[in-house]
Amino acid sequence: MLNEKVTENATLPAPMIVESESRPRSEPRKKIHLASPIIDAEMKEAALSALENEMMVMGESVFKFEEEFAQYCGTKYAVSTASGTAALSVTFQALNIGRGSEVITTPFSFIATANSIVHSGADPIFADVEDPGVNLSPSKTRAKIGSKTRALMPVHLYGQPARIDEFHDIAVESGLSLIEDACQAHGAEFKGRKVGSIGDAGCFSFYPAKNMTVGGDGGMITTNNEELADAARSIRDCGRDKNSKYYHGRIGFTSRLNTVNAAIGRVQLRRLEAWNQARIRIAEQYRKELENVQDIILPPLERSIEKAVYHLFVIRTKSRDQVKKRLADKGIEAGIHYPRPIHLQAPYRQAYGYTEGAFPLSESLSNEVLSLPIFPTLTEDEVDRVCEALKQSLAP
Ligand SMILES: Cc1ncc(COP(=O)(O)O)c(C=O)c1O
């Protein structure tokens with residue numbers, strides 16, 4: 001089966017060009033997409049200016065974007081990379097986590113979460129999600145800690161913060177690194193702190209469907225650890241020593257963020273808070289309109305110490321496949337994040353011998369989750385239309 005990201009990628013519409021940050025009350029779109037990246041005039045101008053005036057690789061915009069992203073997250077450092085996957089793998093290498101090491105993470109995520117561990121040479125060890133919820137369970141994680149464990153990596157899935165304070169305590173108690181996979185959670189908060197600023201490192205993706213993009217692939221590592229930041233800067237840039245072009249202290253990658261993408265990212269970052277607020281309002285409208293609908297489970301409400309940023313609004317229903325198809329017939333694109341948990345994906349079955357039943361909660365989520373359209377320019381009328389269509393699609 002194609003993984004959901006490929007499907008999404010293929011159907012991701014051309015970016016919307018908008019001049020205003022508010023939710024328009026314009027003519028309803030015929031087709032309602034699941035996501036709709038925004039590229040406005042200022043972003044286009046920034047891209048062109050970067051192309052004309054800066055070095056294409058490691059230009060000034062890259063360093064400014066890193067500085068601004070670190071400031072936004074409340075960390076001392078941010079190091080940009082070519083993708084979220086690269087941000088994660090570079091982080092493991094910077095922490096010297098490789099062959100012979102294990103990293104505990106969730107099987108219910110996009111496959112890149114675990115791939116990044118494998119890329120670094122370490123082995124992913126899975127623990128199931130909490131119940132109820134979609135994020136890694138701290139107690140199940142604790143039970144998996146062994147002599148080879150070097151790090152814990154919860155994912156803030158769908159923009160919902162994981163129980164990062166509990167993971168922090170476990171990591172400190174057990175002498176492990178804590179890496180936050182924040183690839184879906186730009187701007188989410190836990191006890192007033194931005195996700196990505198609590199663990200040893202946070203990793204973000206700027207893939208176009210995310211809460212903010214760079215107009216293509218891109219990633220960012222956030223950290224307060226200077227040594228980690230220096231190592232990451234070197235590893236993403238061919239293992240170069242600081243300030244010496246052809247002396248390499250490490251085996252690195254060509255995994256830098258291009259200047260033109262950084263220039264777009266800087267403008268996107270300035271829009272992020274308003275966009276997240278729009279997502280939160282859309283999530284509230286969905287909750288209100290769907291709260292009494294039978295046969296669906298709404299996403300768990302975040303606790304008062306958490307701020308979710310609704311990268312995705314994901315309901316659960318036993319008749320998921322029927323509903324998805326009926327919505328598509330009505331011109332509404334819904335998504336499945338993710339139809340197969342990572343441990344049951346072919347390479348993980350083959351390498352680690354996983355079979356069905358290993359992580360039952362993740363497996364039932366995979367059978368029931370359905371992502372409804374959510375993006376900042378989705379109008380109230382369009383949310384009404386999705387809710388109405390969803391109610392009709394649930395009929396036997
Ligand atoms: C949870 C999670 N981790 C990692 C990644 C990898 O990011 P990228 O696609 O930028 O490599 C993604 C991206 O979809 C993701 O959603």
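In each ligand, atom 1 is the first atom listed, and ligand 1 is the first ligand listed.
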Contacting atoms of ligand 1, where contact means under 4.0 angstrom from a heavy atom of [X]:
X	answer
Ala112	4 (C), 5 (C), 6 (C)
Val155	1 (C)
Thr85	6 (C), 7 (O), 8 (P), 11 (O)
Ser83	10 (O), 11 (O)
Ser109	1 (C)
Cys183	2 (C), 3 (N), 4 (C), 5 (C), 12 (C), 15 (C)
Lys210	12 (C), 13 (C), 14 (O), 15 (C), 16 (O)
Thr113	1 (C), 2 (C), 3 (N)

So, [X] versus [Y], ring centres under 6.0 angstrom or not?
X	Y	value
Phe69	Phe206	yes
Phe359	His343	yes
Tyr348	Tyr354	no

Inset, instruction - Enter the distance from Leu34:CG to His337:NE2 here, rounded to the nearest 0.5 Å. - result: 5.5 Å
Legend entry - Value rounded to 0.5 Å, distance of CZ in Arg281 from CD in Glu284: 8.5 Å
Could you say whether the N/O atoms of [X] and ligand 1 ever approach to under 3.5 Å?
X	answer
Asp217	no
Gly84	yes
Ser205	yes

Legend entry - Pro208 versus Thr213, closest heavy-atom pair with distance: CA-OG1, 3.4 Å
Inset, instruction - Measure the distances from the heavy atoms of His156 to every atom of ligand 1 and state whether one is below 4.0 angstrom. - result: no
Inset, instruction - For Gly219 and ligand 1, answer yes if some heavy atom of the residue is under 4.0 Å from a ligand atom, otherwise no. - result: no
Inset, instruction - Could you label the plane-to-plane angle of the Phe110 and Tyr338 rings as parallel, tilted or perpendicular, counting under 30° as parallel and over 60° as perpendicular? - result: tilted
Legend entry - Passing candidate, side chain to side chain donor-acceptor pair (under 3.5 Å) with Lys64, options Glu60, Glu66, Glu67: Glu60
Legend entry - Geometric cation-pi criterion Lys307 and Phe190, 6.0 Å radius, 45° cone: no
